[in-house]
Amino acid sequence: MSEILQELADVLIQGQLNKVQDLTQKALDQGIAPEEVLQNGLLAGMDVVGKRFKDGDMFIPEVLRSAKTMHKAMEILRPILAQSEVKSQGVFLLATVEGDLHDIGKNLVAMMFEGAGFEVVNLGIDQKAQAIVQAVKDKNPSVLGLSALLTTTMPKMEETIQALQEAGLRDQVKVMVGGAPVTQEYADKIGADGYAPNAASAVDKAKELLQ
Ligand code: B1M
C-alpha cells in the first residue's frame, strides 16, 4: 500500500476528523484513483476498526468517531465516484430491518455499492417490512439489501421477504442479507437470494446475482 493510503487508513482508525478531508484530497491530487482511495485507504482502515472492535481493543465511541471520519472523507469522494466512468449497475436499496438501530456496517455496505457504480437508496435503520415493500415499488431496485445485527431482529428479514412475496414483487428484485449474526445457512432458510459476510464481498455477490 502506498504511504499516503496507509496514512489515510491510520487517520480513519484514529478518527482524526480534522485531517481526513485534506488527506483524501491530497491522495486524489497525487493521481490515486478514487476507487483505490476508498478501497485501500478508507475501507482498509475500517477493516482494522472492525477487527479491533471484535477483539475488544476499540470501544463504541471510537468506532462511531471512525464512522464519522469515513463520512467526512466520503463528502470528498462521493461526487467524484458518482461522475466516474463506472457503468451504472442499477439501484441498490438498503435498509436495517425493524427494531434494529445498528447502521455502521450497513453504511459501509452502502459506500461500497456507491463506489462500485450502483445508485444507492439507503432507507436507514428500523425499517418495517411494509415500508421496504413500498420503497421497492417506488424505486424499482435491482438488488435489495437487508441488514440485521441482532438475533432478535433477524426474523424481520424473513418477514420482509414474505411481504415482498405477498405484494407480488419477489421476482422483480434480488434480495441480499447480511450483518454479524447472519449466515449463509440462515439466508437459504429464509429464501434470500444471497448473503455476504462483509461490505466488500457484498458487492461481488450482488454482481454475481445480476449476471
Ligand atoms: Co449493539 N449489539 N446493541 N449497539 N452493537 C451488538 C450487535 C452485540 C453483538 C454486542 C454484544 O452483546 N456483544 C449485541 C447483539 C447480540 C445478539 O443479538 N446476538 C448488541 C446488543 C445486544 C445491543 C443492544 C440490545 C444493547 C442494549 O441496549 N442492551 C442495543 C440494541 C439497539 C437496537 O438495535 N434496537 C444495541 C445498541 C447499540 C448502539 C446503538 C450503542 C451501537 C450501534 C450504533 C450504530 O450502529 N449507529 C451498537 C454497536 C456499535 C454494537 C457493536 C459493538 C458493533 C457493531 C458494529 O458497528 N460493528 C456490536 C458488537 C460487535 O459487533 N462487536 C453490537 C462494526 C461494523 C463495521 O460491522 O455491523 O458487523 P458490522 O457490519 C459488517 C458485516 O456484518 C457486514 O458488512 C459490514 C462491514 O464489513 N454487513 C453486511 C452488515 N450488513 C450487511 C448487509 C449485507 C451484507 C453484509 O447485505 C445486504
Side-chain angles (χ1 to χ4, degrees), residues 9 12-13 15 38-40 42-71 73-74 89-116 118 120-129 132 135-136 139 141-158 160-161 164 173-188 190-210:
L12 191 110
I13 295 163
L38 176 65
Q39 191 66 48
N40 297 334
L42 299 166
L43 287 172
M46 210 62 199
D47 252 9
V48 175
V49 172
K51 283 189 192 110
R52 289 191 185 170
F53 206 12
K54 223 176 272 165
D55 296 343
D57 296 330
M58 267 179 98
F59 301 100
I60 293 171
E62 295 161 300
V63 174
L64 293 180
R65 197 171 167 89
S66 290
K68 209 166 164 193
T69 307
M70 181 85 175
H71 279 288
M74 285 311 287
Q89 302 271 357
V91 173
F92 177 60
L93 182 71
L94 181 62
T96 299
V97 293
E98 185 182 358
D100 202 318
L101 307 178
H102 296 84
D103 69 354
I104 297 171
K106 169 185 69 66
N107 291 341
L108 284 180
V109 171
M111 282 175 198
M112 286 304 292
F113 275 77
E114 274 178 15
F118 283 82
V120 176
V121 179
N122 191 340
L123 290 180
I125 54 173
D126 192 16
Q127 291 296 311
K128 288 190 167 60
I132 297 171
V136 168
K139 305 289 179 187
S142 48
V143 184
L144 166 66
L146 300 174
S147 182
L149 263 285
L150 300 171
T151 44
T152 48
T153 56
M154 282 165 66
K156 294 291 174 187
M157 293 176 151
E158 184 171 19
T160 305
I161 292 173
L164 282 173
V173 64
K174 300 288 182 194
V175 181
M176 281 185 61
V177 293
V182 182
T183 59
Q184 180 66 58
E185 198 187 359
Y186 186 72
D188 294 340
I190 65 171
D193 299 299
Y195 156 77
N198 55 52
S201 63
V203 169
D204 295 338
K205 177 51 82 176
K207 287 183 177 169
E208 186 191 311
L209 293 175
L210 292 175

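Only heavy atoms go into these numbers, but all of them, side chains included; no hydrogens, no water, no symmetry mates. For ligands, and for the atoms within them, numbers begin at 1 and follow the listed sequence.
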query: Would atom 54 (C) of ligand 1 count as contacted, meaning some protein heavy atom under 4.0 Å?
result: yes
message: Any nitrogen or oxygen of V63, side chain or backbone, less than 3.5 Å from one on ligand 1?
response: no
Contact check: A199 vs ligand 1, nitrogen or oxygen atoms, below 3.5 angstrom: yes
- request: Using a distance threshold of 4.0 Å (strictly less than), state whether atom 67 (C) of ligand 1 has a protein heavy-atom neighbour.
  value: yes
- line: Heavy atoms of L123 and A135 approach each other most closely as CD1-CB, 3.7 Å
message: Please compare A206, A196, S147 and report which has the shortest non-hydrogen distance to atom 84 (N) of ligand 1.
response: S147
message: Less than 4.0 Å from atom 88 (C) of ligand 1, is there any heavy atom belonging to the protein?
response: yes
- request: Measure from atom 45 (C) of ligand 1 to the protein's non-hydrogen atoms and state whether any distance is below 4.0 Å.
  value: yes
task: Return a yes/no value: protein heavy atom under 4.0 Å from atom 29 (N) of ligand 1?
output: no
message: Heavy atom to atom 33 (C) of ligand 1, shortest distance: which of L101, L93, N198 holds it?
response: L101
- request: Could you name the option among A202, S201, A180, A148 that has the heavy atom nearest to atom 70 (O) of ligand 1?
  value: A180
query: If you round to the nearest 0.5 Å, how far is OH of Y186 from CE of M154?
result: 5.0 Å
Atom 13 (N) of ligand 1 touched by protein heavy atom at under 4.0 Å: no
query: Hey, is atom 9 (C) of ligand 1 touched by any protein heavy atom at less than 4.0 Å?
result: no
query: Out of K106, M176, H102, whose heavy atom sits nearest atom 38 (C) of ligand 1?
result: H102
message: Can you tell me how the ring of F92 sits relative to the ring of F118, calling it parallel under 30°, perpendicular over 60° and tilted otherwise?
response: perpendicular
query: With a 4.5 Å limit on heavy-atom distance, are the side chains of V121 and V91 in contact?
result: yes
field: SB check E208 K205 (cutoff 4.0 Å)
entry: yes
task: Answer yes or no for atom 40 (C) of ligand 1: protein heavy atom present at a distance under 4.0 Å?
output: no
- prompt: Which of the numbered atoms in ligand 1 are below 4.0 angstrom from a heavy atom of G145?
  reply: 91 (C)
query: Can you find an N/O atom of D103 closer than 3.5 Å to an N/O atom of ligand 1?
result: yes
- line: Heavy-atom proximity to atom 19 (N) of ligand 1 ranks first, among V143, I60, T151, for T151
